[in-house]
Amino acid sequence: MCGGSRGSWSQPSYAVSCPLPCASGVAASLEVDIVAYGGSEPHSAVIENESIHIHTMIQWQKYSHSLPKIFYPLMLLLKPIIQFVILLWFLCFKVPHPDAFIVQNPPSVPTLVAVKWASSLRKSAFIVDWHNFGYTLLGLSVGRSSPFVSIYHWFEKHYGQMANGSLCVTRAMQHELAQNWGIRATVLYDQPPEFFCPTSLQEKHKLFCRLNRYLCHPLGVRDCVTATTTGIGAADQNETLFTTLVDTDILLKPNRPALVVSSTSWTPDEDFGILLEAAVMYDRRVAALLDENDSADEGVLWKEISGGKQYLYPRLLFIITGKGPEKEKYEEKIKRLNLKRVAFRTMWLSAEEYPLLLGSADLGVCLHTSSSGLDLPMKVVDMFGCGLPVCAVSYSCIDELVKVEKNGLLFSSSSELADELLMLFRGFPKECDALKSLKNGALETGSSARWATEWEEHAKPLISEVISRNLN
């Protein structure tokens with residue numbers, strides 16, 4: 001079997017892959033070869049599994065912005081041709097003969113073409129795992145009316161129809177494939193890998209000790225994190241922004257900020273401006289609810305908080321993880337926000353630390369807006385695995401994952417998100433019953449289904465049937 005994993009990497013990677021979000025969990029009875037372009041380091045559970053073999057291809061170098069624009073169309077054509085040759089070489093000569101090639105789509109060009117050719121040459125089954133539609137993603141960057149999008153759509157549909165079997169991530173996508181693409185697909189919902197789980201208090205303390213120097217470093221002129229961490233240095237292993245060590249006991253601080261996590265690729269399909277606007281609204285509305293004015297002495301506020309005073313509404317710390325092209329632009333906007341009770345930190349975490357952070361947070365925020373309206377954000381699946389409730393942007397099929405008032409809430413505007421933050425964090429950390437209820441729902445969602453169950457019930461029967469049919 002040749003492939004990569006549906007979600008076993010900490011960040012998305014360009015890959016010919018089988019839909020195993022935790023390849024280490026399924027590989028107990030399989031030999032799995034992952035063919036992928038270089039990216040972030042996989043989790044140790046994947047690297048150390050003896051049944052998983054990773055083949056890393058040379059990554060395409062981004063062309064310089066100094067290149068004349070007249071050459072851009074040529075580069076768009078040259079890139080997939082070079083990738084096709086390299087990918088076909090790996091699939092036909094580097095990877096041991098597989099029973100099936102399982103390719104995660106998108107990307108579609110040249111991946112679907114290369115895998116179809118390799119499967120024909122090696123007489124292996126060809127299975128597509130539909131995560132989204134590549135032509136809709138391309139349309140975000142070049143415009144839906146571009147001829148490149150039409151060509152991409154043709155290739156994606158034509159080679160998708162040639163597959164021996166198909167998997168997809170939502171019932172909405174299953175319906176679209178059946179009605180408009182002539183493809184029968186089995187729904188295989190993403191599930192969190194086993195290492196996405198609630199974080200113990202001891203693990204939280206160790207994580208915050210490691211991250212403390214990043215949390216205490218100011219990002220803006222007025223920054224609620226910096227203002228309340230005077231004297232807490234990176235070398236202090238007894239106290240962090242959120243925890244304190246008393247004798248041998250680790251305690252959560254009652255006046256700690258509420259920790260909100262969002263992961264993003266910093267691309268146009270995630271409107272990060274919504275979160276910034278909601279943060280400003282939260283800051284202003286709390287000031288109004290507490291009958292404060294803009295001229296109030298900020299030093300008094302920090303002195304009272306440092307002395308142990310708790311307010312009806314807590315300070316918020318947003319940690320934004322991920323890499324991407326628009327990160328610096330938004331960091332500059334964050335520096336100019338001038339907020340009293342809200343702070344932001346941007347960082348990149350290892351595959352081992354990211355699940356720990358999710359399990360240590362109080363709320364997750366998802367800004368994913370599907371280019372097709374038919375896929376689901378894997379980041380939310382991971383958050384549920386860690387027992388983290390979510391506020392997510394509303395779109396057509398998100399309710400297949402986020403159950404309103406059970407494991408999360410949906411919003412369509414920055415004002416709605418600000419209202420939800422006020423409602424969930426009122427009385428934090430002890431008196432916020434709505435947040436506690438959502439957390440229990442997220443824990444239930446994350447523990448009710450894992451990859452082994454989803455794989456055995458939905459993926460394995462399809463793949464076994466396809467391989468058997470192909471051999472006959």
Euclidean distance, Leu241 CG relative to Leu259 CG, rounded to 0.5 Å: 9.0 Å
Neighbour count above 12 (heavy atom, 6.0 Å) for Lys327 NZ: yes
Heavy-atom closest pair, residues Pro389 and Ala442: N-CB, 3.7 Å
Cationic tip of Lys460 above Trp455 ring, under 6.0 Å, 45° of axis: no
Summary of salt bridge (Lys or Arg N to Asp or Glu O under 4.0 Å) pairs that have at least one residue in residues 240-249, sequence neighbours excluded: none
Expected output: side-chain Thr243 to main-chain Leu251 donor-acceptor under 3.5 Å: no
Within 6.0 angstrom of Arg171 CZ, more than 12 heavy atoms from elsewhere: no
Shortest non-hydrogen separation from Pro192 to Gly446 and the atoms involved: CG-O, 4.3 Å
Stepwise side-chain contact (heavy atoms from CB on, under 4.5 Å) test for Ser166 and Thr186: CA-CA 6 Å; Ser166 293; Thr186 297; over 6 Å; no
Validation row: Phe384, Gln191 side chains within 4.5 angstrom (heavy atoms): no
Any pair counted as side-chain hydrogen bond (donor to acceptor under 3.5 Å, both in side chains), so long as it reaches residues 357-372, sequence neighbours left out: Asn132-Ser371, Asn132-Ser372, Thr136-Ser371, His368-Asp375, Ser370-Ser372, Ser370-Asp375
Inter- and intrachain pairs under ring pair (Phe, Tyr, Trp, His ring centres under 6.0 Å), touching residues 237-257, at least two apart: Phe208-Phe242
Inter-residue atom distance Cys386.SG - Leu443.CG, 0.5 Å rounding: 10.0 Å
Under 3.5 Å donor-acceptor, Lys439 side chain and Gly387 backbone: yes
Heavy-atom side-chain contact between Ile334 and Leu276 under 4.5 Å: yes
Whether over 12 other heavy atoms sit under 6.0 Å from Lys94 NZ: no
Contacts of type side-chain hydrogen bond (donor to acceptor under 3.5 Å, both in side chains), residue Glu400, not counting sequence neighbours: Tyr189
Contact check, side chains of Val390 and Leu363, non-hydrogen atoms, under 4.5 Å: no
Basic-acidic side-chain contact under 4.0 Å: Lys206, Glu203: no
Over-ring placement of Arg315 relative to Phe425, 6.0 Å and 45° cut-offs: no
Distance (rounded to the nearest 0.5 Å) between Gln202 CD and Leu245 CG: 9.5 Å
Check: Leu410 main-chain N/O paired with Ser394 side-chain donor or acceptor under 3.5 Å: no
Short side-chain to backbone donor-acceptor contact, Glu156 and Gly134, under 3.5 Å: yes
Heavy-atom closest pair, residues Met173 and Thr170: N-OG1, 2.9 Å
Side chains of Leu356 and Arg210 in contact at under 4.5 Å (non-hydrogen atoms): yes
Point-to-point distance, once rounded to the nearest 0.5 Å, from CG of Leu374 to OH of Tyr395: 9.0 Å
Aromatic ring pairing Trp266/Tyr330, orientation class (parallel under 30°, perpendicular over 60°, tilted between): tilted
Lys430: salt bridge (charged side-chain N to carboxylate O under 4.0 Å, His left out) partners, not counting sequence neighbours: none
Any Lys204 side-chain heavy atom under 4.5 Å of Ser200 side chain: no
For Glu270, all residues meeting salt bridge (charged side-chain N to carboxylate O under 4.0 Å, His left out), sequence neighbours excluded: Lys379
side-chain hydrogen bond (donor to acceptor under 3.5 Å, both in side chains) partners for Glu352, two or more places apart: Ser44
Non-hydrogen atoms of Ala279 and Phe318 that approach each other most closely: CB-CE1, 4.2 Å
Distance in Å, Tyr282 OH paired with Glu420 CD, rounded so as to fall on 0.5 Å steps: 13.5 Å
Pairs touching residues 404-413 that satisfy side-chain hydrogen bond (donor to acceptor under 3.5 Å, both in side chains), sequence neighbours left out: Asn407-Thr445
Considering all heavy atoms, the nearest Leu188-Glu454 contact: CD1-CG, 3.4 Å
Exam field: side chain Asn105 to backbone Val128, donor-acceptor pair closer than 3.5 Å: no
Any donor-acceptor N/O pair, Lys436 side chain to Cys432 backbone, under 3.5 Å: no
Whether Arg345 side chain and Leu215 backbone form a donor-acceptor pair below 3.5 Å: yes
Interatomic spacing from CD in Glu416 to CG in Leu409 - rounded to 0.5 Å: 10.5 Å
Any residue meeting side-chain hydrogen bond (donor to acceptor under 3.5 Å, both in side chains) with Arg285, in chain and number order, not counting sequence neighbours: Ser415, Asp419
Leu177 and Phe133, any side-chain heavy atoms less than 4.5 Å apart: yes
For the student: nearest non-hydrogen atoms of Ile398 and Leu376, plus distance: CA-CD2, 3.9 Å
pair Asp129-Val103: side-chain heavy atoms closer than 4.5 Å: no
Salt bridge (charged side-chain N to carboxylate O under 4.0 Å, His left out) involving Glu328 - partner list, sequence neighbours excluded: none
Donor-acceptor under 3.5 Å (Asp283 side chain, Arg341 main chain): yes
Residues in side-chain hydrogen bond (donor to acceptor under 3.5 Å, both in side chains) contact with Ser414, at least two apart in sequence or another chain: Glu277
Any residue meeting salt bridge (charged side-chain N to carboxylate O under 4.0 Å, His left out) with Glu457, in chain and number order, not counting sequence neighbours: none
Heavy-atom side-chain proximity of Asn255 to Pro314 below 4.5 angstrom: no
Test item: Tyr313 side-chain N/O and Leu421 main-chain N/O as donor-acceptor pair under 3.5 Å: no
